[in-house]
There are 4 protein chains.
Amino acid sequence: MDIGFIGLGGMGSAMAGNALKAGHAVRVWNRSPGPTKALADQGASVVDTPEQAFAGDAVFSMLADDTALRTVLVDGGLLRQAPKGIVHVNMATISVALAEELTALHAQHGVAYVAAPVLGRPDVAAAGKLNIFAAGPGEAIDRVQPVLDAIGQKTWRVGTTPQHANVLKLAVNFMLASAIETFGEAAAMVSGHGIDQQMFLDLITSTLFPGPVYQGYGKLIVEDRYEPALFKARLGLKDVRLALAAAEAVNTPLPVGSVVRDNLIDAIAHGEGDKDFAVLGKVAARRAGR
Amino acid sequence: MDIGFIGLGGMGSAMAGNALKAGHAVRVWNRSPGPTKALADQGASVVDTPEQAFAGDAVFSMLADDTALRTVLVDGGLLRQAPKGIVHVNMATISVALAEELTALHAQHGVAYVAAPVLGRPDVAAAGKLNIFAAGPGEAIDRVQPVLDAIGQKTWRVGTTPQHANVLKLAVNFMLASAIETFGEAAAMVSGHGIDQQMFLDLITSTLFPGPVYQGYGKLIVEDRYEPALFKARLGLKDVRLALAAAEAVNTPLPVGSVVRDNLIDAIAHGEGDKDFAVLGKVAARRAGR
Amino acid sequence: MDIGFIGLGGMGSAMAGNALKAGHAVRVWNRSPGPTKALADQGASVVDTPEQAFAGDAVFSMLADDTALRTVLVDGGLLRQAPKGIVHVNMATISVALAEELTALHAQHGVAYVAAPVLGRPDVAAAGKLNIFAAGPGEAIDRVQPVLDAIGQKTWRVGTTPQHANVLKLAVNFMLASAIETFGEAAAMVSGHGIDQQMFLDLITSTLFPGPVYQGYGKLIVEDRYEPALFKARLGLKDVRLALAAAEAVNTPLPVGSVVRDNLIDAIAHGEGDKDFAVLGKVAARRAGR
Amino acid sequence: MDIGFIGLGGMGSAMAGNALKAGHAVRVWNRSPGPTKALADQGASVVDTPEQAFAGDAVFSMLADDTALRTVLVDGGLLRQAPKGIVHVNMATISVALAEELTALHAQHGVAYVAAPVLGRPDVAAAGKLNIFAAGPGEAIDRVQPVLDAIGQKTWRVGTTPQHANVLKLAVNFMLASAIETFGEAAAMVSGHGIDQQMFLDLITSTLFPGPVYQGYGKLIVEDRYEPALFKARLGLKDVRLALAAAEAVNTPLPVGSVVRDNLIDAIAHGEGDKDFAVLGKVAARRAGR
């Protein structure tokens with residue numbers, strides 16, 4: 001396919017790289033030029049403006065947050081000049097409110113809109129092993145499926161309403177945050193009683209709680225090792241904040257989400273915003289005086 | 001082995017039955033005589049007093065809670081008359097405070113004390129598939145290992161301090177409660193946006209959250225089906241309360257535990273104490289007006 | 001003085017009316033024309049555009065929220081055309097983030113900016129008994145003091161940084177929300193024990209908790225009477241949300257704020273968003289199954 | 001009157017002293033003999049056993065907690081030997097569960113039982129300015145009223161069910177704890193924005209929140225001065241724990257109580273259990289990294 005790619009942070013660069021490897025023609029743009037060099041070496045054509053990237057069969061975007069997306073896509077007028085019939089696949093984790101707004105805006109400008117947030121950190125993205133939650137018009141997803149196949153290990157089609165993909169992504173990240181928080185509290189409790197945390201982690205991952213979350217983040221907590229960050233606490237807070245807002249939009253209290261939010265703020269207040277999301281375990285230990 | 005078994009509720013009966021099946025001689029006692037009949041049919045010898053059961057190589061107990069255990073074991077004078085050298089294996093989920101007290105009392109009366117709480121509900125107990133957390137003197141556990149092998153699929157030796165097994169059991173149950181609560185909140189959020197809860201459950205169990213907790217309790221929440229209860233909400237509250245106390249004993253806040261506690265009280269206030277632990281999902285939905 | 005007044009809801013109309021009564025010349029503007037009639041009868045001159053109101057010695061605004069203020073003041077270009085040297089007194093409860101942004105914008109356009117949010121509901125405003133928290137350049141406040149004297153019973157000068165007045169207003173409203181929530185929980189507890197709530201309210205207001213909050217909102221809870229609303233639950237949620245954001249901006253967890261937020265969402269989910277803020281007491285009772 | 005007084009801590013000594021000053025004959029007993037000396041100097045007759053104190057027209061007790069009361073009164077057999085017709089006035093803050101149990105036990109032993117917990121710290125007790133919540137048989141309260149008048153500034157008769165007085169005392173202390181917590185959070189928020197906390201305190205106590213709680217505890221928080229403790233954090237935690245249990249007994253969630261509990265545990269984990277209850281403000285500041 002002939003695609004554009006906008007937003008080349010750690011995640012975006014890895015995804016664009018995998019699209020190139022799969023043989024797609026990729027035009028790349030990034031606000032700061034740094035990351036384009038490596039992709040050019042892999043065969044990408046580097047363009048100077050987002051408008052130039054917004055061309056071909058489809059354009060993929062992976063911008064940092066609502067503000068960045070709004071600046072480039074809406075305020076910058078990108079949508080107004082978009083070629084009719086192009087598909088825009090937005091892979092970023094954004095607010096549900098913006099997702100709804102974008103659905104309407106794309107319809108208005110005749111651009112097919114697919115929300116396709118992903119599950120996985122940069123190392124997973126580099127390996128092409130992301131889980132992709134895709135929602136939007138079926139034929140639009142069909143058209144971009146070859147690129148999604150290059151980027152992820154599996155595309156979960158979660159319906160035709162784009163923001164549903166965003167809701168699901170936020171719900172999963174909320175569950176992730178809560179699982180880390182809960183393990184952190186439990187680990188603080190058992191170590192307070194003089195029990196080895198590693199044994200506790202082995203027990204739970206061998207019985208009720210298998211899977212990557214407890215094994216991965218649990219290990220960081222047990223080893224009290226929060227750097228380098230695979231996923232930063234401050235990005236975790238962003239996602240929890242978006243989940244709380246998405247829940248509030250449908251009048252749903254999220255009390256565990258509130259606890260996690262307060263504890264992530266505690267982490268940031270202690271200069272730990274750039275440490276790994278697992279730092280919630282450190283907050284739990286600190287509150288217990290350890 | 002020649003053992004006694006005290007406390008024949010759903011869990012205790014299943015465990016004693018498996019000990020019989022494995023060829024051990026089992027003397028059984030229960031406060032109310034109902035459950036002894038079935039075990040007698042399986043070859044158990046039914047005795048009239050707990051003192052008679054507290055004999056042989058070892059005695060296993062599975063009493064309902066701190067009060068029942070204290071009544072039978074301490075106030076009833078059972079320990080005072082215990083044959084020297086016998087091993088007492090306490091498999092109930094009790095408070096850490098009582099576990100500490102019992103360790104001292106057993107030492108004083110020359111009885112080897114093993115705390116061996118189990119992970120699993122009555123159906124798992126009946127299948128002999130329990131996970132057992134055993135702590136106490138190594139040689140005492142060695143002696144009763146043949147019976148533990150008949151009762152559980154695996155015995156996790158978690159040290160020589162009996163109450164550590166209780167702390168670990170409570171920490172696991174706290175994590176279980178929090179996982180149910182979190183899924184309940186997330187499910188309320190996604191369904192509020194019109195997303196099918198079953199799809200959400202499939203997504204998470206296929207990606208970040210495999211394992212029996214999400215699959216089992218998650219399914220009950222998605223199907224809004226809380227009866228018959230495999231594990232009752234009011235027993236869940238008991239365990240969360242014990243976990244909060246065990247954490248407080250070592251000055252550890254447990255804010256997610258506090259949230260779960262409040263929501264279980266909400267369930268009980270709505271007449272749902274005898275419904276399944278998964279009813280936390282119903283509380284989350286109710287708070288969202290659904 | 002010769003002033004403009006923008007935004008004539010229940011609060012704004014009462015305030016503009018008191019300015020008129022004190023002999024000031026008042027030009028009034030409102031998005032919908034309804035409320036201008038009564039003020040015209042009191043001697044106000046009604047103007048057709050906010051630009052016409054933004055003239056004279058000073059202009060006072062009391063718009064509903066951040067969005068309304070941004071629409072009229074910033075997007076509408078009102079500031080760009082503002083006469084140099086005029087004072088703008090913004091009396092609305094807005095976010096601290098917008099307050100900071102407005103401070104910069106006014107400076108840029110040569111307009112003196114005073115933030116002057118008020119404490120009190122429409123009945124208090126009508127009586128001219130508001131407490132006003134005013135922050136901004138001292139000479140600007142001096143100039144508008146005669147009007148503030150007509151509107152409020154007291155002006156608290158809280159410094160020269162405008163957003164400080166907004167932070168203080170939000171902090172007070174957070175305390176108000178928490179006090180209502182706490183009394184609601186306590187009242188549910190005592191009535192659960194069969195104790196008369198009115199007696200409890202008398203006890204606390206006669207001893208540790210005198211003052212208007214407990215007497216006023218407490219009475220509504222005791223009488224289970226939430227209509228007509230003097231201050232609506234959904235406006236209360238707006239303020240709690242702004243307080244949480246203002247706290248997060250300086251990395252401060254606000255766990256009681258989180259509890260109140262969840263319970264106000266619960267109220268709204270049950271169709272109680274337009275009932276009085278005191279409806280938090282009803283949420284507490286409902287959660288206790290009553 | 002001819003009374004006994006059992007339990008001579010800071011509160012008990014002050015109360016017994018005021019009874020003496022009012023001309024009553026007072027027999028005093030305390031587990032450790034230290035505090036009896038000063039009262040002997042004031043005219044009390046010191047007795048060697050609680051049985052000797054449990055005589056005359058009435059006996060007042062002010063023991064530290066449930067355990068102390070149970071040890072002396074129930075396990076020690078004091079009630080069994082009590083002279084028929086005597087009135088026992090229990091002024092301590094105890095659990096509602098024990099209060100219920102004591103009501104039945106006293107009836108069984110023919111002793112009139114009055115629960116009369118007090119509001120106020122030792123300095124207030126010394127001044128005879130306590131507020132007393134008295135519940136029990138009306139004629140029994142009538143008989144001891146002269147002594148209550150010597151001890152307190154006002155006796156609130158709160159019904160004939162003794163434990164109601166305890167519920168009310170715990171509800172008030174829960175409200176006190178929540179008010180301190182809330183002010184602590186708000187103060188952390190405003191100071192994070194560079195606003196003087198003393199100004200904030202002046203604002204709220206001059207407007208919505210007059211009264212001794214905000215003025216007293218608020219001042220300690222603003223001055224960051226938590227020693228000497230007028231009421232220790234660990235005693236505050238005891239009362240909050242009792243309030244949570246009293247609420248749970250009638251299926252009432254107490255989410256703000258849960259927050260306060262966690263933060264008091266945080267305080268104790270940081271070695272602040274013997275600091276003043278106001279130390280909740282320090283916890284709020286610490287969590288904000290200050």
Side-chain angles (χ1 to χ4, degrees), chain C residues 96 119 131 133 154 156 158-159 161 163-164 167-168 170-172 174-176 178-179 181-183 185-196 199-200 202-204 206-213 243 246-247 249-260 262-263 284 287-289, chain D residues 96 119 131 133 154 156 158-159 161 163-164 167-168 170-172 174-176 178-179 181-183 185-196 199-200 202-204 206-213 243 246-247 249-260 262-263 284 287-289:
Chain C
V96 175
L119 219 59
N131 277 284
F133 298 170
K154 177 151 184 180
W156 302 84
V158 297
T161 309
Q163 69 260 29
H164 283 185
V167 171
L168 286 164
L170 293 174
V172 171
F174 157 63
M175 287 193 63
L176 170 59
S178 301
E181 167 69 25
T182 298
F183 179 75
E185 295 183 15
M189 168 185 163
V190 304
S191 70
H193 280 281
I195 299 170
D196 181 51
M199 181 177 74
F200 174 54
D202 291 344
L203 268 189
I204 63 160
S206 304
T207 56
L208 295 188
F209 297 99
V213 170
V250 291
N251 298 331
T252 303
L254 219 54
V256 172
S258 293
V259 167
V260 173
D262 281 323
N263 286 343
R287 295 203 65 198
Chain D
V96 174
L119 221 58
N131 278 284
F133 297 171
K154 175 150 184 182
W156 303 84
V158 296
T161 309
Q163 69 261 28
H164 283 185
V167 171
L168 287 164
L170 293 174
V172 171
F174 156 64
M175 288 194 62
L176 170 59
S178 301
E181 168 69 24
T182 299
F183 179 76
E185 295 183 15
M189 169 187 163
V190 303
S191 70
H193 279 282
I195 298 170
D196 182 53
M199 181 178 72
F200 174 55
D202 291 345
L203 267 189
I204 63 160
S206 305
T207 54
L208 294 187
F209 296 101
V213 171
V250 291
N251 297 330
T252 304
L254 219 53
V256 172
S258 293
V259 167
V260 173
D262 281 323
N263 286 343
R287 295 202 66 197

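When reading the values below, keep in mind they use all heavy atoms of this one structure, side chains included, and skip hydrogens, waters and symmetry mates. Letters go in sequence order (proteins before strands), and every chain restarts at 1.
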Let me confirm one number: the CG-CD1 distance from C:Asn131 to D:Ile204, rounded to the nearest 0.5 Å. 12.5 Å
What's the separation between atom CZ in C:Phe209 and atom CE in D:Met175, rounded to the nearest 0.5 Å? 5.0 Å
Could you tell me which non-hydrogen atom of [X] sits nearest to which non-hydrogen atom of [Y], and how far apart they are?
X	Y	answer
D:Pro212	C:Leu208	CD-O, 3.6 Å
C:Pro210	D:Gly211	CG-CA, 3.6 Å
D:Met189	C:Thr252	N-CG2, 3.9 Å
D:Pro255	C:Glu181	CG-OE2, 4.1 Å

Mind checking what makes ring pair (Phe, Tyr, Trp, His ring centres under 6.0 Å) contact with C:Phe174, not counting sequence neighbours? none
Among [options], which residue has the highest count of heavy-atom pairs closer than 4.5 Å to chain D?
options	result
C:Asp202, C:Ile195, C:Asp262	C:Ile195
C:Val190, C:Asn251, C:Val260, C:Leu254	C:Leu254
C:Ala179, C:Ser258, C:Ser206	C:Ser206
C:Ser178, C:Ala187, C:Gly159, C:Ala249	C:Ser178
C:Val259, C:Leu119, C:Val167	C:Val167
C:Val96, C:Val213, C:Leu203	C:Leu203

Taking only residues two or more places apart in sequence or in another chain, which ones pass side chain to side chain donor-acceptor pair (under 3.5 Å) with D:Thr161? none
Between C:Asp196 and chain D, which part of the residue has a heavy atom less than 4.5 Å away: side chain, backbone, both or neither? neither
Pick from D:Leu170, D:Val172, D:Val256 with the largest number of heavy-atom pairs that fall under 4.5 Å of chain C: D:Val256
Using a 3.5 Å distance criterion without hydrogens, assess whether the side chain of D:Glu185 forms a donor-acceptor pair with backbone atoms of C:Pro253. no
I'd like to know if the side chain of C:His193 reaches the main chain of D:Ala246, judged simply by a donor and an acceptor atom lying under 3.5 Å from each other, with no hydrogens or angles considered. yes
If I measure from the heavy atoms of chain C, does D:Phe133 come under 4.5 Å with its side chain, its backbone, both, or neither? side chain
Answer yes or no: is there a side-chain heavy-atom contact under 4.5 Å between D:Leu168 and C:Met199? yes
For residues C:Val158 and D:Phe200, determine if any side-chain heavy atom of one lies less than 4.5 Å from a side-chain heavy atom of the other. no
